[in-house]
**Q** 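Handing you a structure now.
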Amino acid sequence: KTVAIVGCPFRGGQAKLGVDKGPIHLVEAGLPEQLAELGWKVQFDGHHQFEEIPTEDDPPIGKLKNPRSVSRVCQAVAKVVGEHAKKGQLPLTLGGDHSLAMGTISGTLEKYPDACVIWVDAHADINTAETTDSGNIHGMPVSFLLGIGPKVDEFSWVKPVLKPHRIVYIGLRDVDQGERRILREYGIKAFSMHEVDKYGIGRVVEMALDHVNPGRKLPIHLSFDVDALDPTVAPSTGTPVRGGLTFREGHYICEAVYETGCLVALDIMEVNPSLADSESAKQTVAVGCSLARSALGETLL
Ligand SMILES: N[C@@H](CCCCC(O)O)C(=O)O
Ligand SMILES: [Mn+2]
Ligand SMILES: [Mn+2]
Ligand SMILES: [Mn+2]
């Protein structure tokens, strides 16, 4: 089986510098070799070069920041991920900020229209053009994929390919008011850190899978934002929130998803190696690599 590494050095979905350096650090930490060690055929075409749209040519649309840049890059990513998926490869997208998931999940759903999404994150990333406060599009990809909220012409290429019952969240602990309304209104299943504490990660993953993939027959797209982990575990990320998943809880999710045999696409997002001292940056990059390995078959015994 081939895993196709898609390096996406992109930071336009948010304001902090450095998250575009995530992919190069993950690859330089040896991720391709580590996956080959696990028995994967690894295809890595090099990091994608997204030419910048200068900010003066990409003024906000309403509250949305860098809209043209985000749209163009996500459209390119959708094409690349879709191509790899159509070749029967498993696309592993390395971010870069989480707005990229508009592209990766569009790509996956083109090949696997009935795929379900497991979204591991401290945040719901489901703000619409109306509900967003920050205007940072990395807080919005899920709303575009569901086709909810006011239409934004720039993003008309994003088809509403995701259905509310086909996404489930694990790790939420920083959800905006508007997002809470949307989750309720659309009946979207979310296991926050409260449920992780209450039931334990094993039960939570089982319930999450039972919700989106009851017969374990549907392909799974796992979109992992490293800020789902506690900041002591993954410190070097743009929107850290205390009270997150332990190292083991994060890895358990990946191991359990791999065990289903349904994984068809994986995103490792929001690693920003320039946000902390080099030790913490290295630690965060190493966690990104180990999460990917766990989701791709690395076991402890
Ligand atoms: N909900 C906040 C924070 C979003 C964090 C994005 C990350 O999860 O990709 C916002 O909309 O700005
Ligand atoms: Mn490629
Ligand atoms: Mn996210
Ligand atoms: Mn997040």
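Whatever order the structure lists them in is the order used to number ligands and atoms, beginning at 1. Numbers here are sequence positions counted from 1. Treat the numbers as computed from the prediction; the structure is a model and nothing was measured.
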**Q** Does any pair with a residue in residues 249-295 pass ring pair (Phe, Tyr, Trp, His ring centres under 6.0 Å), and if so which ones, sequence neighbours excluded?
**A** Phe247-His251

**Q** Could you grab the distance from atom CD1 of Ile182 to atom CD of Glu130, nearest 0.5 Å is fine?
**A** 8.5 Å

**Q** Using a cut-off of 2.8 Å, find all protein N, O or S atoms closer to the Mn ion (ligand 3) than that distance.
**A** His98 ND1, Asp121 OD2, Asp125 OD2, Asp225 OD2

**Q** What about Val19 and Val6, same hydrophobic cluster or not, with Ile/Leu/Val/Met/Phe/Trp/Tyr joined at side-chain heavy-atom distances under 4.5 Å?
**A** no

**Q** Asn127 vs Thr132, test: side-chain hydrogen bond (donor to acceptor under 3.5 Å, both in side chains). Steps then yes/no.
**A** CA-CA 5 Å; Asn127 273 305; Thr132 179; 4.9 Å; no

**Q** Could you check whether Thr239 and Asp227, counting side-chain N and O atoms only, form a donor-acceptor pair closer than 3.5 Å?
**A** yes

**Q** Should we count NZ of Lys198 as having more than 12 external heavy atoms under 6.0 Å?
**A** no

**Q** For Ser236 and Asn272, does a side-chain donor sit closer than 3.5 Å to a side-chain acceptor?
**A** no

**Q** We want to know whether Ser192 and Glu195 form a side-chain donor-acceptor pair, criterion being a heavy-atom distance below 3.5 angstrom.
**A** yes

**Q** Which residue pairs pass the ring pair (Phe, Tyr, Trp, His ring centres under 6.0 Å) test with at least one member in residues 186-222, sequence neighbours excluded?
**A** none

**Q** Using a cut-off of under 3.5 Å, which N/O atoms of ligand 1 pair up with protein N/O atoms, and what distance separates each pair?
**A**
| from | atom 1 | to | atom 2 | distance (Å) |
| --- | --- | --- | --- | --- |
| ligand 1 | 1 (N) | Asp176 | OD2 | 2.8 |
| ligand 1 | 8 (O) | Asp121 | OD1 | 3.2 |
| ligand 1 | 8 (O) | Asp121 | OD2 | 3.3 |
| ligand 1 | 8 (O) | His123 | ND1 | 3.1 |
| ligand 1 | 8 (O) | Asp125 | OD1 | 2.7 |
| ligand 1 | 8 (O) | Asp125 | OD2 | 3.2 |
| ligand 1 | 8 (O) | Asp225 | OD2 | 2.9 |
| ligand 1 | 9 (O) | Asp125 | OD2 | 3.1 |
| ligand 1 | 9 (O) | His138 | O | 3.3 |
| ligand 1 | 9 (O) | Asp225 | OD2 | 3.2 |
| ligand 1 | 9 (O) | Glu270 | OE2 | 3.1 |
| ligand 1 | 11 (O) | Asn127 | ND2 | 3.0 |
| ligand 1 | 12 (O) | Ser134 | OG | 2.6 |

